[in-house]
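First comes the structure, then the notes that go with it.
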Amino acid sequence: ARANECPLGSAALAGTSFPIDRVATAEALGFDRPTDNSLDAVSDRDFALDYLFAAATCTMHLSRLAEEVILWASQPFGFVKLSDAWSTGSSIMPQKRNPDAAELVRGHAGRIQGCLVALMTTMKGLPLAYSKDMQDDKQPVFEAHDLLALSLAAMTGMLGSLQFNVDRMLQAAEAGFATATDLADWLVREGGVPFREAHHIVGHAVRLAEEEGKGLEALSLDQLRAIDPRIDARVFGVLSVGASVASRTSHGGTAPDQVRARIADARAAIKDDE
């Protein structure tokens, strides 16, 4: 929408004294309108910078997602298994799958962001209107376009073929007393306890669980009531990881219904764009 303006008729920089009809030529060439300022039309490269900024932002997010995949596939995590189509064998460890596609996507982010900086740096010192320096606007745009297309294709294929180790992911999610906040929230919501007091109560519960080498959900009701008598059996409905995830029902939260709704919204938006 921002670039759909026809520069034809701006001439070298100041327009022309001949009686041309720029509206007619813009319409004939399929543009919405002619550019309003001939000097700006000649000297402007915002359309290229806009694209590069969008590409840099997109590749930043792709890079962060790629980093997640790299971590998830590593031995300490073991959350996902990469397919052979999107990984390569190690040169010295035959059992290892290297996340090459994800690493290359992560690396492309630096190059694409560099394309944005390169053109911005070229443009920042130029007077109005056209200078020969501006012929260097093409290489960063084309390079960023090709790299981004490759990154998107790689991430699409790689994510579509990932195998998730759900049991391992659940085991990791249960570590570190992740539902301690849920216990505090329950005390506030059901017991009428001020959060600052609930925070202190939960600290005692976590300490007890640490001493016994178990999770909060594994503590008995008697143990919890010994810490605070306002705790009752209903608390076990919030202490599991699954209950914690499902309780985040606000728009954009982690509850499964909310996640499914956002996926549906995203698919509808893609369909509208198509």
Side-chain angles (χ1 to χ4, degrees), residues 60-82 87 97 99 102-103 105-106 155 158-266:
M60 174 193 69
H61 291 296
L62 288 175
S63 178
R64 296 179 68 180
L65 182 56
E67 173 66 9
E68 294 278 82
V69 172
I70 293 165
L71 287 175
W72 293 346
S74 66
Q75 189 61 41
F77 289 83
F79 293 167
V80 298
K81 180 180 178 181
L82 298 167
S87 60
R97 282 184 171 91
E103 290 174 352
V105 168
R106 188 176 59 181
M155 289 300 289
M158 182 174 56
L159 292 177
S161 64
L162 281 181
Q163 298 178 40
F164 290 87
N165 186 340
V166 178
D167 292 338
R168 176 71 187 104
M169 296 172 82
L170 178 60
Q171 181 184 18
E174 290 173 340
F177 308 103
T179 60
T181 300
D182 297 271
L183 175 55
D185 289 346
W186 185 91
L187 286 165
V188 173
R189 186 173 56 249
E190 304 296 339
V193 180
F195 189 83
R196 62 182 179 276
E197 185 180 346
H199 192 286
H200 185 70
I201 293 168
V202 173
H204 284 293
V206 169
R207 188 177 303 114
L208 176 60
E210 284 181 327
E211 291 171 354
E212 298 203 357
K214 60 178 66 171
L216 287 173
E217 72 284 356
L219 294 175
S220 70
L221 180 58
D222 289 340
Q223 286 176 309
L224 290 170
R225 287 182 59 81
I227 295 172
D228 192 282
R230 289 168 288 191
I231 299 176
D232 61 47
R234 294 175 297 167
V235 75
F236 293 105
V238 302
L239 291 182
S240 70
V241 169
S244 176
V245 170
S247 70
R248 269 61 181 177
T249 56
S250 58
H251 184 89
T254 56
D257 287 346
Q258 281 295 322
V259 174
R260 293 188 189 101
R262 301 293 76 76
I263 291 172
D265 289 346

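Just so it is clear, the structure is predicted and the values come from calculations on it, not from any experiment.
Within a 6.0 Å radius of CZ in R64, other residues, nucleotides and ligands contribute 12 heavy atoms or fewer. Counting non-hydrogen atoms of other residues, nucleotides and ligands closer than 6.0 Å to NZ of K214 gives a total above 12. A 6.0 Å sphere centred on CZ of R196 holds no more than 12 heavy atoms belonging to other residues, nucleotides or ligands.
Without hydrogens or angle criteria, E212 side chain to A209 main chain gives no donor-acceptor distance under 3.5 Å. In this structure, the side chain of R225 engages the main chain of I231 through a donor-acceptor pair within 3.5 Å. At least one donor-acceptor pair closer than 3.5 Å links the side chain of Q258 to the backbone N or O of G252. With hydrogens and angles ignored, the 3.5 Å screen pairs a side-chain donor or acceptor of S240 with a backbone N or O of A243.
Here CG of L239 is found 9.0 Å from CH2 of W186. Values are rounded to the nearest 0.5 Å. To the nearest 0.5 Å, atoms CG (L170) and CZ (F79) are separated by 10.5 Å. Here CD of E68 is found 10.5 Å from OG of S63. Values are rounded to the nearest 0.5 Å.
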side-chain contact (heavy atoms from CB on, under 4.5 Å) between V238 and R189, worked out: CA-CA 12 Å; V238 302; R189 186 173 56 249; 4.1 Å; yes
side-chain hydrogen bond (donor to acceptor under 3.5 Å, both in side chains) between R207 and H204, intermediate numbers included: CA-CA 5 Å; R207 188 177 303 114; H204 284 293; 3.1 Å; yes
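Between V80 and M169, every side-chain heavy-atom pair lies at or beyond the 4.5 Å cut-off.
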